[in-house]
Amino acid sequence: MANLRFEAVTEAFRKRPHEVVAPVERPSEYFARKVFNRQKMYKYLPSDVYEKLIDVIDNGARLDRGIADAVAQGMKQWAEENGVTHYTHWFQPLTEGTAEKHDAFVEHDGRGGMVEEFSGKLLVQQEPDASSFPSGGIRNTFEARGYSAWDPTSPVFIMDDTLCIPTIFISYTGEALDYKSPLLRSLHALNTAATDVARLFYPDVNKVQTNLGWEQEYFLVDEDLYSARPDLMLTGRTLMGHDSAKNQQMDDHYFGTIPERVQAFMKDLETQALELGIPCKTRHNEVAPNQFELAPIFEECNLAVDHNMLLMGLMKKVAHKHSFQVLLHEKPFKGINGSGKHNNWSLSTDTGVLLHAPGRTPADNLRFVTFVVETLMGVFRHNGLLKASIMTATNAHRLGANEAPPAVISSFLGKQLADLIDHIRKADKKELFTLKGKQGMNIDIPEIPELLIDNTDRNRTSPFAFTGNRFEFRAVGSEANCACSLIVLNTTVAEALADFKERVDRLEQAGEDRTSAILDVLREDINTCAPIHFDGNGYSDEWVAEAARRGLDTESSCPLTYDRYLDPATIRMFERLNVMHENELRARNEVKWEIYTKKIQIEARVMGDLTMNHIIPVATHYQSQLAKNVDNMYAIFDEGEATHLTARNKKLIREIAERTQIIETGVEELVNARKVANRIDNLRDRAIAYHDTVETKMEEIRYQIDKLELIVSDELWTLPKYRELLFIR
Ligand code: ADP
Ligand code: MG
């Protein structure tokens, strides 16, 4: 029997770090070299066109189609100088990853030749025949076309020989078919609501920007070993595999020395990412063996999301060059940590930051508390929805597995901030007002010491933690498009801020002074959202029970969490803020349920195949070897002695027989469960069936396979083991 595993392991061991020619220039010199950023806009565009485009980007002015041709000309000139021959609209459909369809710059010149052309029309809008992307029924009829439209706020960039134009993707009737369009709408809603509230404190604020700094975790696996694991190749995770005797128990990988081969990959990746304008900053080993992290400097949210999508694509390419495969799956290996993508989220105005607590003036302090409390209000009111926004078939493996935030959304504040908020809640209004003497005016809420919020007061078990000047949404999965959860977060906070402002206005109109009105509303909200605040251990069982008592959403079945998208309160919020309409929400849920089902379906099929083609043949082969040995023993020794000497092998033969039998029955049941589920028409019900019957069956089968791996001769086992996948450099 040819054993691909041995060949793969030998190959993997033989590899040396890939040669990386380090750029001679400094990062500041090649940063954004492949991006049509302001500098290049200024150089390649007529000055009036440049001014107008900047107005669109900075101030959300309407794009004047009249300038599109001139912009396209400038872009084309720059692109051609960089060897570019093609262009593409680059968008983010509801599947994973990004989509692109390349067109060459060429057109007939009418005289039998060709001419390079690129017009404003092609830049601004296209109609890719992308009919195979999931739309949740929005594009059922043949004339329901999909359009991609330029997003000027995210600069175009060059990938290989192609000019990539970030676009939204919408239907003929204007419904979003992607992540970017609702994200932009949510950012707009948040900007409007937050600017209104910020102006209560600083009247000259014109704009509130949402910032995002993501931290991308990932695994690297040697490509040869990867190729010998059909489950990794087809599902992104190992569906079987016994624990390695050594894994992460020594904590020796976290922040450890980065292996040479990996370091070469990282260097290469960072150089290319920096050229694309992704401001890479941090890299380190993560907790699990072969697990790493890359984090850039935070950026405006829409741009940061695009950069993360771009980076995930780039990682795969660069990894391949270094004979690695990058695993973005949230849980590629059982028994060790999975990968997440912390989303560091904050708000800033054109004049300063909003979630920072400098404690300089009373207005600053009150502003700080207001934005913190209203963020908590949004998260509290829609905690189930926020959880739904991070839930996927793959991320579900991480949640509640004592490594990632549990399947309950709560917020960690740290002692100082919690005390401060509690003080405001409890303080008798008079006391608060007399804090600094001047009635109703100069309230120092309360005397906030310098460096108020301790950045190192960390609680790793919290899914939504305040970390000094931002909130860190930690439940997001490593493979996710950040936009999916940020659409929800931005909108819930926008709603809370809008409600806050309405109530403050009402009190002011009724004659209350502003500070007092703000405090009244804040105190009401602090009481309302108190259940979301939890600084304890999010991994403990008591917390889940306590969370349920507090009325927080504790649902852990992925398909059921999606129901929160269709709650009346959700629909009301999204429609009121014009982020999504009910039909879009319904369509998205259809897509979510379908993707969930398909993922589990593929896993179940791969598991069935591997069981029948690898596990059972190998186990029975070994069993035959053992049986032959037993026969031989009886030929050599007298019966009494032979019986004694073959006891162990007989025991193993029996164990293999029993386990393979359970596995075979399990696989039959798995196939049947799938058949039953496949007959269900309703997508939600089908997803629930896959969750309740198919997924659980797979776990049972895996248990038996992993036991077999321990007893079958290593020489015969065909699938690379955890100790090889995770420790080979
Ligand atoms: P860790 O949370 O692991 O300590 P860092 O402190 O390095 O990591 O920060 C992680 C990410 O948070 C980085 O992308 C960083 O740019 C981002 N970040 C820092 N400050 C802010 C902020 N005010 N708003 C948004 N993101 C921020
Ligand atoms: Mg962090």
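Ligands are counted one by one from 1 in listed order, and the atoms in each one are counted from 1 as well.
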Check this for me - ligand 1, [X], N or O atoms closer than 3.5 angstrom, yes or no?
{"X": "Asn344", "value": "yes"}
{"X": "Glu293", "value": "no"}
{"X": "Phe298", "value": "yes"}

Ligand 1 versus Glu215: contacting region, heavy-atom distance under 4.0 Å: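 Near ligand 1, Glu215 shows its side chain, while the N, CA, C and O stay back.
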Part of Glu472 with heavy atoms under 4.0 Å of ligand 1, whether side chain, backbone, both or neither: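 Side chain only; the backbone of Glu472 stays clear of ligand 1.
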May I ask you to decide whether [X] forms a salt bridge with [Y], counting only side-chain N to carboxylate O separations under 4.0 Å?
{"X": "Asp268", "Y": "Lys321", "result": "yes"}
{"X": "Glu270", "Y": "Arg283", "result": "yes"}
{"X": "Asp160", "Y": "Lys317", "result": "yes"}
{"X": "Glu275", "Y": "Arg33", "result": "yes"}

Atom indices of ligand 1, in the order listed, that fall short of 4.0 Å to a heavy atom of Ile297: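 Selected atoms, number and element: 16 (O).
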Contact atoms of ligand 1, heavy-atom distance to Gly213 under 4.0 Å: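 Ligand 1 atoms under the 4.0 Å threshold to Gly213: 14 (O), 26 (N).
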The single option from Asn481, Asp151, Thr98 passing side chain to side chain donor-acceptor pair (under 3.5 Å) against Lys180: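 With Lys180 as partner, side chain to side chain donor-acceptor pair (under 3.5 Å) holds for just one option, Asp151.
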Shortest reach to atom 20 (N) of ligand 1 by a heavy atom, considering only His342, Arg474, Arg470: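 Heavy atom nearest to atom 20 (N) of ligand 1 belongs to Arg470.
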Thr461 backbone acceptor or donor facing Asn537 side chain under 3.5 Å: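 Pair absent, no side-chain N/O of Asn537 close to backbone of Thr461.
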